[in-house]
Every structure is written in structure tokens, then in C-alpha cells.
Amino acid sequence: MTASKQAVHTIFWQGSKAVFSVLFVWLYGRLTGVEVRGYISLLLLNVQIAMMLVEMIAGSAIPNMIIQFGFKQVVKAILPIILGLIPFWIIAVIFLGSMGWIELINSPYMWISYLVFAPLMILFLALLNLQYGYYQTKGWIERRNRIQTLIEFLKIGLLICALSRISGDSYKNRSILDVFIESGDNPHTSNLDMMVVLGVLCVSTFVGWLISVVFSFKSMQLDWRNSIANSIAMGRHGFSESVKAQTGHLLYFLITRLPVWMIVWQYRNHGWVGVLANVFLMMDTLMIFANSHGVVLHAKALNEDLENHETSHFVSRSVLLVGVVGGIVCLIPSSFFEWVFGSGFGEMHNFFLAIFPALGLAAFSSPVAHKLHAESKFNLLIRIYFEALLVLIVGWIIMEWVMGVNNLNFGHAFLCGHTEEGNVDPFPWGLLAMNLSFGWLAYRIWSWGGWQWHFLDDFKSIVNRIANIFATK
């Protein structure tokens, strides 16, 4: 299969996964309301950060490590780390929660969520990441995409089952549709327990991991038997590569998600967090076009040297697809978002407009970053991401100071961790700093030596291909 066809197949499967993912979030968002959606999003972001810290040693460099040291040595080194680091999450939550430093942990249900469901999600996601890394070394991109799509489909199925029980037990003579519509009309009504959503996430992720193991068991068993890697070399060099690779991923994750924690710290507005979480979901969905091309480039770069025109062509396709589809989303009015996602979500329109330039810049940077990652240029990526993160933080402070309604209110928010009552800005202007951050990221990728972008030539080539398709028909 050619790289272009592989990218198209990847876009299809990633698109299918995104559709199910959006449907899942849409369902539980309407059923829980905008504020509970914000609470769930914060917990999942904390889980993601913890998982990425675990993956400092067992993370994104897994494909590189398997190719270099062998499947057996990588599993033997990584699996104990995954299992051993889970207790640190529990200890940290108990300590921070008892000190009152985690605002969310204020009820027995929240303690259960953080001490039971969260560690399970960290474990299952880490095991899935190990499987995905193995698939990447085999070039099984489509198989991995199928597993991811299946997991999203399972989430919807389990959530619908949970909703049917709720509508049957708690709402006599009420249909599922009645409960669903009622939840969307009232942002303060929660017809779905937060723990139910977390349970659905845990079960679906575990089942997805189990299926991925079953369908690749024979291949893994053969690679395990044939592995002849040197465990000493693995200890000296493998982990350092993994730490550097995952540090870059962690920095990039902070660039894309730090605004959530900034809003919580400055405004204590969990409704805004719920809205922003949906906007970031839309951003991730549109970035499928960029990441799909990046994944293909990553897989090819692991085994061969890529020509400059290949990278340039994939970047151009990524930017065009994200720009066109994202531009259409910008035309959608706020009333549509409120009608679809429920009361309180209309602000999604303004939030998306604020970060749309960052989306186009990310579409430019993502494929090249995947290529650099496959070439193990982790130090370069760390330096670029760190610079972009600094730009985001400084830009956020400047935007809030210049655009904010009250400068004293801004200073009080950052010193005390919340805004003064009755003196809240109508919009988190710091979001505009994401455009500055991704602009710097794109500039650094552009200035990276050895690669040039030929957008006009690529654009003409894409247009000619489309014209030939219609001409043949």
C-alpha cells in the first residue's frame, strides 16, 4: 500500500473513531450538564498527565525501543514500571486531597473516582499504549485504528445501557428520549452519575486492550521467542530515549491543555472548562487530518529516509484539509452548538474562533514533528515545545492583562487563585495566546534545517489529482 493510500485509510479510521468519540461526549455532556462535563474533563486531564509521567519510561519511544532492543526486553522492562507506578498516583491523591489542594475531591464519590477509576484508567491506557507501539513497529496502522474505533463504539453502547437503566429505575413512565431532552434543556440537571461515565471509560478501555492482545498474540509470542536483545544496553540507552521522547509529548500536551488549568485557577469556572473541553475535542477531531498524515510519515521514517517532497506534500494536504473543514466550523452559529450539546454550550462558537488560527498552525507542524520523532530527534522537539510553552504562558498573562476587564481583578486571580466575586471577565482572553504559541512552533519547524515547504507546487498537484478523478468518471 502506498503512503498516500495508507494516509487515506488512516483518515477514514481516525474519522470513524472521532465520530464515535464525539457522540459519546455529546451523550454524556447533555446528560450531565456543562459543569459536570467540566469536572469530568478535569479528572481525565489529571489522569492523562499522570499517565504521561508513567510513560516517561514506557511511552512514545516504544516503537523505537522494540526495533532496537527487541519485543521481549521492552515488555520485561516496561510492564513492572507500569504496575509499580500506579501506587504513586494513589498516595499523591490522598496527600493532595487531604491537604485540600485538589478542589474536586469534596465528596465520597469523588474520592472513589480518583482512587479507583482513575488508577484503572491509567493502567489500561498504559497497556494499550504498549500494544499500539508494537503495532507501529509492524506497520499495522489500520489494525490499531480499528481497535481505537472499537473502544469508542463500546463507550457509546455501554453509556446507552446505563441510560436505559436510569430512565427505567428513576424516571417511571419516562422514555430515554424524554430524559435526554430534559438534560439538554437544563444545564443544572444531571440525569447521569459521573461515576457511571468513568466506569464506562474503564470497562471499554480494558475490553479494547484485551481484544488487541488476542488478535496479535501469535505475532507477539513469536517475537518474544526470537528476541535476542541485550538487557544491559536496554537499561543504559533505551530508557533515556523514552524519557526524552515522552518529555516532548508532555510539553506538547501542556501547550494544548494548559488553558484548562489556567481557567480553573483564575476563574474557578467549571462551566467554561466544560465548554473548552468540547472545543478541544473539536480541535482534536479536525487534527485527525494532520495526525493521520503524521502517523504515516512516522511509520515510513522508521524504516527509510524520506524525500523532501514527500514531507512537503503531506504537510500541504494536512493544512488544506484542516483549514477547509475548520473554516466551515467557524461559520456555525452559537445557537447550533447550544441546540446540539445542550444549554450552556453556546460559548463554543467564540472559543473555537479564538483558537482557530492555532489549529491551522498545528496542522502545519504536526506531520513534521512526527517525522522528527521517528528519526529520534527528541532533543530538538523538546527545545521547540519548551519554547512554545513559554510563549503560551507569557502570552496568556499579556492577553489577560491587556484585554481583561479589570487589571486588579487579573492580579488578584493570579495571586490568590481566583477572581474577586462579581468582577469576572466575560471571556478568557488568554486563549488567544494559543495562536502565539503555535505560531512560534510553526516558525521553529519551518526554520529547521534540511526541509523546505513547497505549498504552491503541492496545491497544484492536489488540484490536478482531484481534476483527474472527475475527468476519469
Side-chain angles (χ1 to χ4, degrees), residues 47-90 118-148 150-151 201-250 253 295 298-299 301-303 370 373-376 378:
V47 166
Q48 185 71 14
I49 285 290
M51 194 189 78
M52 295 184 80
L53 293 176
V54 170
E55 292 175 353
M56 281 290 179
I57 303 175
S60 58
I62 286 178
N64 309 60
M65 294 165 65
I66 292 177
I67 290 176
Q68 187 174 359
F69 303 107
F71 177 67
K72 181 178 181 179
Q73 292 297 338
V74 173
V75 173
K76 289 175 65 176
I78 287 178
L79 195 57
I81 296 171
I82 294 175
L83 297 174
L85 289 179
I86 298 299
F88 284 93
W89 165 274
I90 298 175
L120 287 176
M121 282 190 284
I122 294 173
L123 173 62
F124 298 150
L125 288 171
L127 292 174
L128 261 177
N129 190 66
L130 180 60
Q131 286 295 115
Y132 293 157
Y134 178 75
Y135 282 10
Q136 188 79 0
T137 62
K138 294 293 184 180
W140 296 343
I141 298 175
E142 190 164 345
R143 181 180 296 188
R144 183 194 63 186
N145 292 334
R146 289 175 180 175
I147 294 295
Q148 292 175 332
L150 174 63
I151 291 174
L201 290 172
C202 287
V203 173
S204 57
T205 305
F206 171 75
V207 172
W209 168 75
L210 191 62
I211 292 175
S212 69
V213 171
V214 170
F215 280 98
S216 59
F217 182 76
K218 290 184 178 180
S219 177
M220 290 192 299
Q221 188 179 39
L222 182 62
D223 287 341
W224 182 279
R225 291 175 179 175
N226 295 336
S227 180
I228 55 174
N230 188 328
S231 59
I232 298 178
M234 172 75 182
R236 289 178 180 175
H237 305 291
F239 288 145
S240 63
E241 290 293 290
S242 180
V243 169
K244 288 189 290 186
Q246 193 62 22
T247 298
H249 276 265
L250 178 60
F253 181 78
V295 167
H298 186 283
L302 283 173
N303 301 299
H370 276 84
H373 187 280
E375 296 171 349
S376 297
F378 304 128

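Along the sequence shown, residues carry numbers from 1.
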Can a side-chain donor-acceptor contact be found between Y132 and S212 if the only test is distance below 3.5 angstrom?
no

Do [X] and [Y] come within less than 4.5 Å of each other through their side chains, counting heavy atoms only?
{"X": "W224", "Y": "K76", "value": "yes"}
{"X": "Q131", "Y": "I147", "value": "no"}
{"X": "W209", "Y": "F124", "value": "no"}
{"X": "L120", "Y": "L201", "value": "no"}
{"X": "I151", "Y": "L128", "value": "yes"}
{"X": "I122", "Y": "W89", "value": "yes"}
{"X": "D223", "Y": "Y134", "value": "yes"}

Indicate the atoms forming the closest heavy-atom contact of L123 with I86, along with that distance.
N-CD1, 4.0 Å

Rounded to the nearest 0.5 Å, how far apart are CZ of F378 and OG1 of T247?
10.5 Å

Find the distance between CD (Q48) and CE (M121) and round it off to the nearest 0.5 Å.
10.5 Å

F253, CZ atom: more than 12 neighbouring heavy atoms under 6.0 Å:
yes

Residues M220, V213; criterion side chain to side chain contact (heavy atoms under 4.5 Å, CB included); working and verdict:
CA-CA 9 Å; M220 290 192 299; V213 171; 4.1 Å; yes

